[in-house]
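Order of the sequence lines fixes the chain letters, A, B, ..., with proteins taken first and strands second; residue numbering starts at 1 for each chain.
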Protein chains: 4
Amino acid sequence: MSSVQRGRPRSEAARLAILTATRDLVIERGFDGLTVTAIAERAGTGVQTLYRWWPDKAAIVAECVLENVVDIDLITAPDTGDAAADLRVWIRDSYDRLAAPPASALFRALAVAAAKDSRVSARLDEQLGAPLRSALTTLLTRGIAAGRVRSTVDVDATADVLLGAMMIAIVAMQQPSASRAEAIADVILGGLLAD
Amino acid sequence: MSSVQRGRPRSEAARLAILTATRDLVIERGFDGLTVTAIAERAGTGVQTLYRWWPDKAAIVAECVLENVVDIDLITAPDTGDAAADLRVWIRDSYDRLAAPPASALFRALAVAAAKDSRVSARLDEQLGAPLRSALTTLLTRGIAAGRVRSTVDVDATADVLLGAMMIAIVAMQQPSASRAEAIADVILGGLLAD
Amino acid sequence: MSSVQRGRPRSEAARLAILTATRDLVIERGFDGLTVTAIAERAGTGVQTLYRWWPDKAAIVAECVLENVVDIDLITAPDTGDAAADLRVWIRDSYDRLAAPPASALFRALAVAAAKDSRVSARLDEQLGAPLRSALTTLLTRGIAAGRVRSTVDVDATADVLLGAMMIAIVAMQQPSASRAEAIADVILGGLLAD
Amino acid sequence: MSSVQRGRPRSEAARLAILTATRDLVIERGFDGLTVTAIAERAGTGVQTLYRWWPDKAAIVAECVLENVVDIDLITAPDTGDAAADLRVWIRDSYDRLAAPPASALFRALAVAAAKDSRVSARLDEQLGAPLRSALTTLLTRGIAAGRVRSTVDVDATADVLLGAMMIAIVAMQQPSASRAEAIADVILGGLLAD
DNA sequence: GGCTAAGCGAGACGGTACGTCGTGTCTTAGA
DNA sequence: TCTAAGACACGACGTACCGTCTCGCTTAGCC
């Protein structure tokens, strides 16, 4: 299918240097303080190398963040046998890891990029939203089978609520605390209504 | 204290034209496609008139959006006597009005502005977050009194969850549907766990 | 005819600073070592101000050189009564002043610009060639009337020969010497053929 | 002394293709519109092959032009017995062939290359200037011997005047005409002064 | 009516980032 | 060892936008 390899191959070193530089600069200065020239300088590459492989700054940030955040495979659901506890733990862990520094700074930049650029938005959904929904589906299915979770629950709506809670913490630059994580898990798990 | 009014008074017509032009342009092109020059041109004013009354572009967008979005006094909580129904209706309405076009486009721009300017962020919290929290507090207090809402509910966490759900819809540029609004209200009200 | 003056008027200071900076930089580094950014920096202006008033680097150099070179109104023909002597003096003077530093460096840059850009070439002809031809016409006409100059002489061809001799000295970066100026005047005045 | 020839031999086809492509592109687009990548593409070679055999773009242009222009052995002086006529014919011919298209475009590019690169400048003098001066010396010497040329004539000054006249035509992108060639020959041969 | 003060539309200004282009070097696979 | 292909570092280019400035003019209150 693929024709023979011709010409100098893409430099993996440059690719990594660019993503690393982007990560550091995003943490230091945020998405708007970020400059393609600054990325290239810190990465020790030319600007053109950035534009050869990514269409713009937003795409670099998207790739950088989604690689760094999602690599911490916090997405996989625990399975201790207690479906309700698994759910609570997973919600709390996801919240903690996404909403706490330094991931929060990266995620904040990604949110800005997504708000500006619908391609980033789509990619965010594919590479973060989808895995989260998938893990959540697993947990909810398991919980429903065990009779611990309401069978009428809507997975997508739940994922929105969960991701949204994180996003608010991240965008508002709240210091995430254990109690806030707990409270959010409480709300999502237990709802507002009395039994 | 304030000296007598001297010189030519501020043109209210210009002020309105600027805010209107900003709203239209934000909807057409988003925060990043927005240009101070374009605002001035469409409003039929000079650029300086913008900077005489607002510190920068973000502030104009903030004022424009918060006036347009919040003035639709969707914040006030309904009071039909049925606390649980009031809560559900209010959640659904808030979601619909903030997350659906054209408000979603305005709100998305505001989110970007807030992410890059902490003054906008503070103002967003004061003029949108606080009223929402306040209305939610009213509704929850009323619900707890009526025994329909769990007394252990955390208002701030709930507000985060609710606002976050909207934010996700806005940033992800989802087309919000009635069923999604309903599902989100379900999750927030009922939680995930079986009774 | 001209409508009322609107908006901030063009800054004459900036214009002069740009032309001065260009002149200095051309002398220092030549046409190719010249950078629009460097011009702007030394002039203390923004790059955009250059592009607002000139289409490109070549045009700036053209204006700068033609203002600096032609202002030295060496173009005016002397009139001592002795037409042949006037002609010789004028040829030698023109050669000396155009081919000697620092004018030679400016003129060399202009030659490069003209070779690259036909608009500069046209302008060079209008603003330097034409006045030279005009002065030469005066001198030749006077000389013919006095019976000192051949009546069949072609002014344009003579101007080409004269300007060309200068240009060669300039482009080849010859050190112009009095004897070379004299020799060239000899050739042009006396021709090659024996009487 | 020289070791045995090892490895793949230099491709003469590539060399010719490069020079041909350069010539065509110079005529089409001039020195500045010329791109090493474009040369390589049209020649069907890689860029590196250019840089393996020439130090830079200017050198390629120099070689290309000096091969194409000078090979047309217009330099050799005619010898019909009539020294004055020989001189006139040679001046006219030299002017025509150097200043008329397509040679003028090539020569114009060479002038630009020479202005930015002293090696090209030196090579231009060696490969074009020197032969011209040499031919001129022959003609003048012959003419002086025949009593047709003034014995006080300065060869270098004459060469400057002649080359300069061409240069002006080339740089000013004049359409050279037969009458202009004639007129220039007249000026150089006869001078301005009346007998 | 004249005077002073401030707002207004227009648009030039200094500055910064962008994304593109061209040069000359480099690193592949293959001849 | 040369070749075509093409990625690379570097750096100039010309454009876009921001927020400031300077014009002439307008609109008010006060003498």
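- DNA chain E lies under 4.0 Å from no heavy atom of any residue of residues 109-120 of chain B.
- In terms of heavy atoms, A/Phe31 sits closest to A/Ala113 at CE1-CB, 3.8 Å.
- Residues meeting the salt bridge (charged side-chain N to carboxylate O under 4.0 Å, His left out) test with C/Lys116, sequence neighbours left out: C/Asp32, D/Asp32.
- Taking every heavy atom of residues 21-44 of chain B and every atom of DNA chain E, pairs under 4.0 Å involve B/Gly44, by number.
- For the pair A/Thr35/A/Ile39, no side-chain contact is recorded, criterion being any heavy-atom separation below 4.5 Å from C-beta on.
- A/Tyr51 does not carry A/Lys57 over the face of its six-membered ring by the limits of under 6.0 Å from the centre and within 45° of the normal.
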TODO: Begin with the C-alpha distance, continue with both residues' side-chain angles, and end with the deciding distance and a verdict on side-chain contact (heavy atoms from CB on, under 4.5 Å) for B/Arg42 and B/Glu28.
DONE: CA-CA 13 Å; B/Arg42 182 165 307 195; B/Glu28 283 174 28; 2.8 Å; yes
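- For the pair A/Pro102/A/Arg23, no side-chain contact is recorded, criterion being any heavy-atom separation below 4.5 Å from C-beta on.
- In this structure, C/Asp117 and C/Asp56 have side chains that are in contact, with non-hydrogen atoms separated by less than 4.5 Å.
- Of the residues in residues 45-54 of chain C, C/Gln48, C/Tyr51 come within less than 4.0 Å of DNA chain F through at least one heavy atom, sorted by number.
- Taking the ring axis of D/Trp53 as reference, the NZ or CZ atom of D/Arg10 stays within 45° of it and closer than 6.0 Å to the ring centre.
- In plain terms, the two heavy atoms of C/Ala105 and C/Val26 that are nearest each other are O-CG1, 3.9 Å.
- Taking the screw axis at each terminus of the helix from E/dG1-F/dC31 to E/dA31-F/dT1 from five consecutive base pairs, the angle between the two is 10° to within rounding of 10 degrees.
- Residue A/Lys57 contributes atom NZ, which lies 18 Å from atom P of F/dA16 at whole-angstrom precision.
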TODO: Apply salt bridge (charged side-chain N to carboxylate O under 4.0 Å, His left out) to the pair B/Glu63 and B/Arg119, showing each step before the final yes or no.
DONE: CA-CA 12 Å; B/Glu63 177 155 337; B/Arg119 287 166 305 178; over 6 Å; no
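- Among all heavy-atom pairs drawn from A/Thr22 and A/Ile60, the shortest one is OG1-CG2, 3.4 Å.
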- [ ] Applying side-chain contact (heavy atoms from CB on, under 4.5 Å), run through A/Phe107 and A/Leu124 and close with a yes or a no.
- [x] CA-CA 10 Å; A/Phe107 203 37; A/Leu124 169 57; 4.0 Å; yes
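- Listed by residue number, C/Arg8, C/Arg10, C/Ser11 are the residues of residues 8-16 of chain C with a heavy-atom contact under 4.0 Å to DNA chain E.
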Open item on the list: Set out, in order, the CA-CA distance, both residues' side-chain angles and the distance that settles side-chain contact (heavy atoms from CB on, under 4.5 Å) for A/Leu19 and A/Glu67, then state yes or no.
Closed with: CA-CA 9 Å; A/Leu19 291 176; A/Glu67 243 182 45; 3.7 Å; yes
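- Between the A/Thr49 side chain and the A/Thr45 main chain, no donor and acceptor come within less than 3.5 Å of each other.
- Side-chain contact, C/Arg123 with C/Gln127: a donor N or O sits under 3.5 Å from an acceptor N or O.
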